[in-house]
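Reviewing the structure listed below.
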There are 2 protein chains.
Amino acid sequence: MSDRRTQILDAAATLISERGFTSTSVDDVIKGAKLSGKSHFYHYFKSKEELGYEVLNRQFERFAERGLAILREPMIDPLERLNLFIDAVVALQSESGGRRGSPFGNLAAELADAHEGFRVRIEAVFERWASQIRSLLWEARPQLHDDVDAVRLSRFIIAALEGAVLMTRVKRDLSVLEGIAADLKRFIAMHVRDSAAMQLHRNVEDAGSLPHGIARHLSVSSVAV
Amino acid sequence: MSDRRTQILDAAATLISERGFTSTSVDDVIKGAKLSGKSHFYHYFKSKEELGYEVLNRQFERFAERGLAILREPMIDPLERLNLFIDAVVALQSESGGRRGSPFGNLAAELADAHEGFRVRIEAVFERWASQIRSLLWEARPQLHDDVDAVRLSRFIIAALEGAVLMTRVKRDLSVLEGIAADLKRFIAMHVRDSAAMQLHRNVEDAGSLPHGIARHLSVSSVAV
DNA sequence: TGTGTATTGGACCGTACGGTCCTAATTTTA
DNA sequence: TAAAATTAGGACCGTACGGTCCAATACACA
């Protein structure tokens, strides 16, 4: 709504993703959003906690715009979309030069044990994410082996990506994420019925190739704007 | 060394793994270790930061005792050891009932961007961990495909486990970790030459189309103990 | 014109934090 | 027994935190 509100939310999102929630003070946010003082801030948010919740929601919506939209894209083969989604996560991480991980993963690690309110909300975010992947896998079920467990696989994908982002941040090396992303694609391909997919396990480094005559070589940048 | 020192370290380790480093105050540690006052604490540690570093090292050594020792065990087949190692991570997590993740992953997420001193030390921990896995993979190379990239695979394993622990913590559901661990074993099995392993991936008929003459029809459970 | 809402600015409060200093009693060890 | 290290206890300091309260000004819209 209010222009100021989004301004505060934006500043807070940046700060929180850089230093975490606990280490981001209200005064920092005020400075970041160029407010006049505390009363100005508390005019829009009743507490720091509430600010955190809204940032989390907003962060998710942003991510949804960029990442989850790919998963829903109806014109592209579902499994190809999954690869593009993974590429998008890599691209997103590239923007911060390997620093600053998934905003959810960060908050999860910081607050999951300490703050039930955040834990529940983060859980919901992961769940929405996972369910999006599950429905994609359901859509792709003719291409997949019968016994593919969509719940498990979707969790695996998220866990691998979150873990990859974390390690990338620690090592300050983007190639870590790229390598894991490629391996993850191979793992997904392992579940594909047509063994054409199995092939990419060797020689094909660009694991984008999938069966069913799907378009290849789409550039990441064309998707992850 | 001193009995008190280890007592402080233990108390701090527990608190930090529960609430994170930033949210653990020196007073909390003093209370936890039943010290008389601050001067008593500062008699042993020159700062909270130094305490944190020592806790990190100690945490690693503990983990090494339990987890990494398995990776080195000379009497067991290397790939089997890898599976046992994964089981050990799951078991470790079970003890805290799904709460409290990998102490390294937690600290990594909390401090990687904010505190260079910790970042470097955590990176070193991951590196020691990864190198242990790499040397295991080197030992197992006769069983693996020629093109297996040990660096990449070791990173993938760590990332998947860290991500899994994180998600388990968020969902407060240990079965998440168990599922991911099982999938991770399948992923590793994918790199095995004689496909004792490969097969988890079921009734693929067209044997000829796959490279390296992979055999089929072995049960997953025979591999994934 | 008037009424509400947004904005500014600052004083203030209680609490917690990391850290220092000082004194004195107790235990260890040479 | 004397010196050295450990334990104890508390006062204190500067800073930062989340949050409240208040008074005054700007600006919208009806």
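First the proteins, then the strands, lettered A, B, ... as listed; each starts at 1. Reckoned from all heavy atoms, side chains included, excluding hydrogens, waters and symmetry mates.
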Under 30°, 30 to 60°, or over 60°: which ring-plane class applies to B/F156 and A/F156, parallel, tilted or perpendicular?
tilted
Just say parallel, tilted or perpendicular for the rings of A/W129 and A/F104, cut-offs at 30° and 60°.
perpendicular
Whole angstrom value for the distance that separates P of C/dT20 from CZ of B/F41
11 Å
Map B/L35 and A/T24 onto DNA chain D by nearest heavy atom, then report which one ends up closer to the 5' terminus.
B/L35
Given side chains that start at C-beta, do those of B/D183 and A/R155 come closer than 4.5 Å, heavy atoms only?
no
OP1 or OP2 of D/dA8 versus the side-chain N and O atoms of B/R4: is any pair under 4.0 Å?
yes
Please report, rounded to the nearest Å, how far the C1' atom of C/dG19 is from the NE2 atom of B/H43.
16 Å
Side-chain N or O of A/S25 closer than 4.0 Å to phosphate OP1/OP2 of D/dA16:
no
Nearest-Å distance for atom pair NE2/P, residues A/H40 and C/dT5:
15 Å
Please determine whether a side-chain nitrogen of the Lys or Arg among A/D10 and A/R5 lies less than 4.0 Å from a carboxylate oxygen of the Asp or Glu.
no
Please report, rounded to the nearest Å, how far the P atom of C/dT20 is from the NZ atom of B/K46.
10 Å
State whether the distance check finds a donor on one side and an acceptor on the other, under 3.5 Å, for side chain B/K38 versus base D/dG10.
no
Does any donor-acceptor pair link the side chain of A/S39 with the base of C/dG9 at a separation under 3.5 Å?
yes
Whole-Å distance separating the CD atom of B/Q7 from the P atom of D/dT6:
14 Å
Write down the distance between NZ (A/K31) and P (D/dG18), rounded to a whole number of angstrom.
12 Å
Whole angstrom is fine here: how far is it from CZ in B/F21 over to P in C/dC17?
13 Å
Sub-6.0 Å ring centroid separation between B/F21 and B/F118
yes
How long is the line joining CG of A/L51 and C1' of D/dC17, in whole Å?
15 Å
I want to verify a distance call: between C/dC17, D/dC17, C/dT20, whose nearest atom is closest to the B/D27 side chain?
C/dC17
